[in-house]
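Letters go in sequence order (proteins before strands), and every chain restarts at 1.
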2 protein chains.
Amino acid sequence: MAAQRGQRNGVGGDTPPAPTAAEITTPIPRVAEVPAARERARAIPEAAVARLAVYLRVLSAMQEQGAVTVSSEELSAAAGVNSAKLRKDLSYIGSYGTRGVGYEVTVLIEEIERILGLTRKHSVAVVGIGNLGHALANYGGFPGRGFPVSALFDVDPDLVGVPVGGIAVHHIDDIPAVCAEREVSIGVIATPPPAAQAVCDRLVEAGVQCILNFAPVVLQVPDHVEVRKVDLAVELQVLSFHVARRADDAAAMEGRQVNGMVVS
Amino acid sequence: MAAQRGQRNGVGGDTPPAPTAAEITTPIPRVAEVPAARERARAIPEAAVARLAVYLRVLSAMQEQGAVTVSSEELSAAAGVNSAKLRKDLSYIGSYGTRGVGYEVTVLIEEIERILGLTRKHSVAVVGIGNLGHALANYGGFPGRGFPVSALFDVDPDLVGVPVGGIAVHHIDDIPAVCAEREVSIGVIATPPPAAQAVCDRLVEAGVQCILNFAPVVLQVPDHVEVRKVDLAVELQVLSFHVARRADDAAAMEGRQVNGMVVS
DNA sequence: TACCGCTTGTGAACGTGTGCACAAAGTCAG
DNA sequence: CTGACTTTGTGCACACGTTCACAAGCGGTA
């Protein structure tokens, strides 16, 4: 059940600390009993959501090591972010810390999982059983579990029927049927670029609303479908840019006066 | 204490890459001469660099189809961004368009390649020849070419010596020697999480300055090393968040008041 | 040459996200 | 109970990135 207690908005509502006059601009928050959690979820910046996932992993590791509470300082250090940012990120999901003490690890894990929707299983379908697709299928359970790979697809007739990572491969024409039957909520596209859009269309048709795209193409999807892209070529090229920048810097540094000290 | 050096999360597409540690050096009044290109390179926002890589791919496709010139409108549509943003991105690298006409495809390709440092080959080393590492090694030449995989490493003695994708696997103890010899400039970490940091340290020791990390851990590296992270678990969890948000929206839409009722 | 329509390049407004700094709120010792 | 100390939660300011809107500039046309 998990009824949510309507937690109030972060802004001091119960204790009237006589908030100067700065509050004038803020509209009255207390309108309807509009429920917070849902509204709040929408308000979480995408970047913060990605970080929450990282915090979750770090917290799980800490929990395994027997940690009971953590301070924002510890957690932020382990997650590689600044502590203020961490606290702000956590504040998006509510106030679960204790001042002077820190956060209870289990509570934080629970709350983050709830916000990220990890309390429910999300079936994943992988389309394109080539090098990458094969690797993804074999990940088994997928990293962090809670994401069971429950369907595999490919065009190659030789591959259809063959089990990969314990699951039989279906033909992509069966995407709508199989995805619907197995309630796939996330589709992973690992096909060659030319096939990606067609596959994407089929997934959308099958009712899949979230897609993780490894193919180096820009997918066209309806507004209600969420796409995230992982593009190796782009990653490498960005790194290449940094290599080049470094080389240039070094060259410039050399040619210029070597002024070891730069005041600031 | 120093500012934390986070790793950029490599995601392109419509979701803005979670930035972290914008690395702006102190506002040094560097008004020196004007080699432009170097100074300019530093000024390009990370997000824009990632998009340039995308434009490059789209342009290559257009070139193959025989296109000679392209307007910002066409190109931006194909790349899935807004035309103003595209023009601004291109303006970071210079003015290579012709008003009233558009951009010459070949010129644009050349300039983007130059800025991204693609005029030079970047040897890539893949560490961790498991599911993913294997897939990466077999990509051969790596997507977009210009990134030859020239070294493979693993701890497993049974794997050492075995050729994968045409290249023999070395033991990770040989990272420094082999990387130095083959002038590896980009290291790809595809090991299990516990091994990642140690491998990273070895790569850094070998002089590798850019790392693409697939392991779900936050790597600690010296300031002069650039890390980009590709984290499947995070990607899936972000998508999970969107699934949950959608479900909530739908529920709210349907039940109006209701305070909570999450599935079980 | 003068005009017209088209597309670039960019100054400026806007929005979002980050980091700082501090009051609020809790613990613990005496 | 009081006071010292610790850590959260957040208002605020700043910086970055995105978007708008338009002048500048170019090709084509008469």
Set out, line by line, the N/O atom pairs under 3.5 Å between protein and nucleotides 11-15 of chain C.
unit_1	atom_1	unit_2	atom_2	d
C:dG11	O6	B:K88	NZ	3.4
C:dA12	N6	B:K88	NZ	3.1

Check the distance between [N]'s [atom2] and [X]'s [atom1] and give it to me in whole angstrom.
| X | N | atom1 | atom2 | value |
| --- | --- | --- | --- | --- |
| A:I93 | D:dT8 | CD1 | P | 14 Å |
| B:K85 | D:dC20 | NZ | P | 11 Å |
| B:Y96 | D:dC26 | OH | P | 16 Å |
| A:L86 | C:dT18 | CG | C1' | 13 Å |
| B:L75 | C:dT8 | CG | P | 9 Å |
| B:N82 | C:dT10 | CG | P | 17 Å |
| B:E46 | C:dG17 | CD | C1' | 16 Å |
| B:E111 | C:dT8 | CD | P | 17 Å |

Quiz prompt | Residue list, salt bridge (Lys or Arg N to Asp or Glu O under 4.0 Å) with A:R87, at least two apart or on another chain | solution = none

Self-check item: Contacts of A:R57 that satisfy salt bridge (Lys or Arg N to Asp or Glu O under 4.0 Å) - sequence neighbours left out
Solution: B:D231

Can you check whether [Y]'s main-chain N or O pairs, donor with acceptor, with [X]'s side chain at less than 3.5 Å?
| X | Y | answer |
| --- | --- | --- |
| A:Q197 | A:Q220 | yes |
| A:H122 | A:G117 | yes |
| B:S60 | B:L56 | yes |
| B:R246 | A:H224 | yes |

Quiz item: Should A:K85 and A:D89 count as side-chain neighbours, where that means a heavy-atom distance under 4.5 Å?
Solution: yes

Quiz item: Does a side-chain heavy-atom distance below 4.5 Å link B:V230 with B:N213?
Solution: no

Tabulate below the donor-acceptor pairs under 3.5 Å that side-chain atoms of residues 73-81 of chain B make, not counting sequence neighbours, or state none.
unit_1	atom_1	unit_2	atom_2	d
B:E74	OE2	B:S71	N	2.9
B:E74	OE2	B:S71	OG	3.3
B:S76	OG	B:S72	O	2.8
B:S76	OG	B:E73	O	3.0

Quiz item: Quick one: CG on A:L90 to CD1 on A:I115, what's the gap to the nearest 0.5 Å?
Solution: 11.0 Å

Quiz item: Should stems be defined as at least three consecutive Watson-Crick or G-U pairs with both distances under 3.5 angstrom, which of them involve DNA chain D?
Solution: C:1-30 with D:1-30

Exercise. Could you encode protein contacts along nucleotides 2-7 of chain C as a string, one character per nucleotide from 5' to 3', using B for base contact, S for sugar-phosphate-only contact and - for no contact, with a heavy-atom cut-off of under 4.0 Å?
Key: ----BB

Self-check item: Distance-only polar pair, side chains of B:E46 and A:H242, donor-acceptor under 3.5 Å
Solution: yes

